[in-house]
Amino acid sequence: MPPWFAFYGLPVCISINTFQPMNETYHYPTLRPRPHATTVSSLVSYLADCQVKDSQLTSMHIALALEYIYLPSLRFWRDFRIEDVADALSLHMPNWQRTAAMANGRAGLLLAELGNILAINAFDDANAEMMLAVPLSERPKTAASAFSWISNELVRKGLTAELEFARPDGDRCGEKALEVLHRLEQAQRGIVIERLGTNVARAYRDAVMNHRVGLLMPAS
């Protein structure tokens, strides 16, 4: 896959060469006006609540933070950029790119991994939103039929790169899109259906917060 392979206008793979080497910190504009300014603040709060340290700056830990802030709304992932994540990391830990954990280009690698996660989520969102745009009676109901429907739509729209990205996952692509579609449909009714990852992230945050409270309480 080439370093800037893109679908729906979003990068699937972010080249680590895009980022400055470790001895030259890459500066992102902080909290510039974007649709996700509030979400960035929520991400910073989560990192602070969980007391994320430099040794925990891994794609697994930050992906969990991203799960925590997710809201089932149109274009959530498609409007969320890797710059938003970088802003949050810089606000939580201003010198994060200069920590030992980020030495030898690992800051760029971390952002590349997180960029891929965002792009895959955006891909599922975009497919679900295509289905949401058609009448309820015409929406596919199974993973297999959803994948077939998505494939046909991508062919019809001439989105070759998106189609090539969807094919390896097959029915799983349709399944993930249906999951997002269900959350969006319920959100339109005022019902929030959370992702499993969101529940896991909340449980982790609560455990850390409870542990902190326990440390502050005087021993009996």
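From a predicted model like this one, the values you see are computed outputs, not experimental measurements.
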Is there side-chain contact between [X] and [Y], with heavy atoms separated by less than 4.5 Å?
{"X": "Leu64", "Y": "Tyr68", "result": "no"}
{"X": "Val52", "Y": "Tyr46", "result": "no"}
{"X": "Val180", "Y": "Phe76", "result": "no"}
{"X": "Gln186", "Y": "Arg183", "result": "no"}

Nearest-0.5 Å distance that lies between atom OG1 in Thr39 and atom CG in Asp79: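 Answer for the OG1-CG pair, Thr39 versus Asp79, is 10.0 Å.
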
Approximate separation, where rounding is to 0.5 Å, of Ser145 OG and Asn152 CG: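 Rounded to the nearest 0.5 Å, the OG-CG separation comes to 11.0 Å.
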
Residues forming a side-chain hydrogen bond (donor to acceptor under 3.5 Å, both in side chains) with Arg156, sequence neighbours excluded: Glu153

Partner set under side-chain hydrogen bond (donor to acceptor under 3.5 Å, both in side chains) for His182, not counting sequence neighbours: none

Closest heavy-atom contact between [X] and [Y]?
{"X": "Glu129", "Y": "Leu184", "value": "CG-CD1, 4.0 Å"}
{"X": "Met93", "Y": "Asp54", "value": "CE-N, 3.5 Å"}
{"X": "Leu118", "Y": "Leu66", "value": "CD2-CD1, 3.9 Å"}
{"X": "Ile117", "Y": "Ser59", "value": "CD1-O, 4.5 Å"}
{"X": "Leu154", "Y": "Ala166", "value": "CD1-CB, 4.4 Å"}
{"X": "Trp96", "Y": "Leu57", "value": "CB-CD1, 3.8 Å"}

Set of residues satisfying side-chain contact (heavy atoms from CB on, under 4.5 Å) with respect to Ala143, sequence neighbours excluded: Asp171, Glu175

Partners meeting side-chain contact (heavy atoms from CB on, under 4.5 Å) with Asn199 (sequence neighbours left out):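 Once residues adjacent in sequence are excluded, the partners of Asn199 under the side-chain contact (heavy atoms from CB on, under 4.5 Å) criterion are Glu194, Arg202.
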
Remaining members of hydrophobic cluster (4.5 Å side-chain criterion), Met209: none

Qualifying salt bridge (Lys or Arg N to Asp or Glu O under 4.0 Å) pairs with a residue from residues 134-147, counting only residues at least two apart or across chains: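 Listed once each, the pairs are Arg139-Glu185.
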
Cationic N near anionic O, under 4.0 Å, Glu67 to Arg195: yes

Arg205 and Asp49 ion-paired at < 4.0 Å: yes

Criterion side-chain contact (heavy atoms from CB on, under 4.5 Å) on Lys176 and Arg172, from CA distance to verdict: CA-CA 6 Å; Lys176 290 160 68 178; Arg172 178 61 181 146; 3.4 Å; yes

Sub-6.0 Å ring centroid separation between Tyr70 and Trp77: yes

